[in-house]
Amino acid sequence: MADVTIFHNPRCSTSRAAVDAASAAGVDAEIVQYLKTPLDADALRTLIGQLEDPATDLVRRDAHFKELGLTDADVTDVEQVIELLVDHPRLMQRPVLRKGNVAIIGRPKDRVPGFLTD
């Protein structure tokens, strides 16, 4: 079993940096490309329950978010975040790292090395 799970988007430089940091640290990481294998509601609920960051931080506020006509009011609670990410997995912040029962959003990049080695 891997030491860490990294929810990864290979098109994202920050996400690639997290994978590289795990490799450089010699950490056995399971890489989950969440756009190819989206998380279902139960998996998101579990991940959010382990997240050290607020659930709303799991949602990217990018151009796609705006194209969908969304605002911060649409992602104020856990259930809204889960529903949105089930419908639009590309809005999930990346990378997300999970070790044991604790998870973080790997932004900024300098959060990752300490999380991997603690």
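We're numbering straight along the sequence, starting at 1.
For the atom pair CZ of Arg94 and OG1 of Thr14, the computed distance is 8.0 Å after rounding to the nearest 0.5 Å. Here CZ of Arg45 is found 12.0 Å from CG of Leu39. Values are rounded to the nearest 0.5 Å. In this structure, Leu116 CG and Ile104 CD1 are separated by 7.5 Å, a value rounded to the nearest 0.5 Å. The distance from atom OG of Ser15 to atom CD of Gln33, rounded to the nearest 0.5 Å, is 8.5 Å. Separation of atoms CZ (Arg90) and OH (Tyr34) is listed at 10.0 Å; rounding is to 0.5 Å. Considering OG1 of Thr46 and CZ of Arg98, their distance stands at 7.5 Å, rounded to 0.5 Å.
Between the side chain of Lys99 and the backbone N or O of Phe115, at least one donor-acceptor pair lies under 3.5 Å. Judged purely by atom type and a 3.5 angstrom limit, Asp74 uses its side chain to pair as donor or acceptor with the backbone of Thr71.
Residues Leu35 and Leu97 do not share a hydrophobic cluster, defined by chaining ILVMFWY side chains whose heavy atoms lie under 4.5 Å apart. Hydrophobic cluster membership is shared by Leu51 and Ile82, with clusters built from Ile, Leu, Val, Met, Phe, Trp and Tyr side chains linked at under 4.5 angstrom.
Under the 4.5 Å side-chain criterion, counting only non-hydrogen atoms from C-beta, Leu58 is in contact with Val96. Taking the side chain as every heavy atom from C-beta outward, Leu91 and Leu70 approach each other to under 4.5 Å. Here the side chains of Asp40 and Pro38 are not in contact, with every heavy-atom distance at 4.5 Å or above.
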Under the criterion side chain to side chain contact (heavy atoms under 4.5 Å, CB included), I'd like the reasoning laid out for His8 against Val32: C-alpha separation, chi angles, the key distance, then a yes or no. CA-CA 6 Å; His8 174 59; Val32 175; over 6 Å; no
May I have the step-by-step check of side chain to side chain contact (heavy atoms under 4.5 Å, CB included) for Glu52 and Val102, ending in yes or no? CA-CA 7 Å; Glu52 289 185 346; Val102 179; 3.3 Å; yes
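Thr56 and Arg61 form a side-chain donor-acceptor contact under 3.5 Å, judged by distance and modelled atom types alone. Under 3.5 Å, the side chains of Gln80 and Thr76 contain a donor-acceptor pair of N or O atoms.
Considering every non-hydrogen atom in both Phe7 and Leu47, the closest pair reads CE1-CD1, 3.9 Å. Closest approach of Val78 and Ala55 over heavy atoms only: CG2-CB, 4.0 Å. A pairwise comparison of heavy atoms in Val112 and Ala21 identifies CG1-CB, 4.0 Å as the closest pair. Across all non-hydrogen atoms, the minimal contact from Arg111 to Asp53 is NH1-OD1, 2.9 Å. Residues Ile6 and Val19 share a closest heavy-atom pair of CD1-CA, 4.1 Å. When all heavy atoms are compared, the tightest approach of Gly100 to Gln50 is O-NE2, 4.1 Å.
Crowding of Asn101 atom CG: a count of heavy atoms from other residues, nucleotides or ligands under 6.0 Å not exceeding 12.
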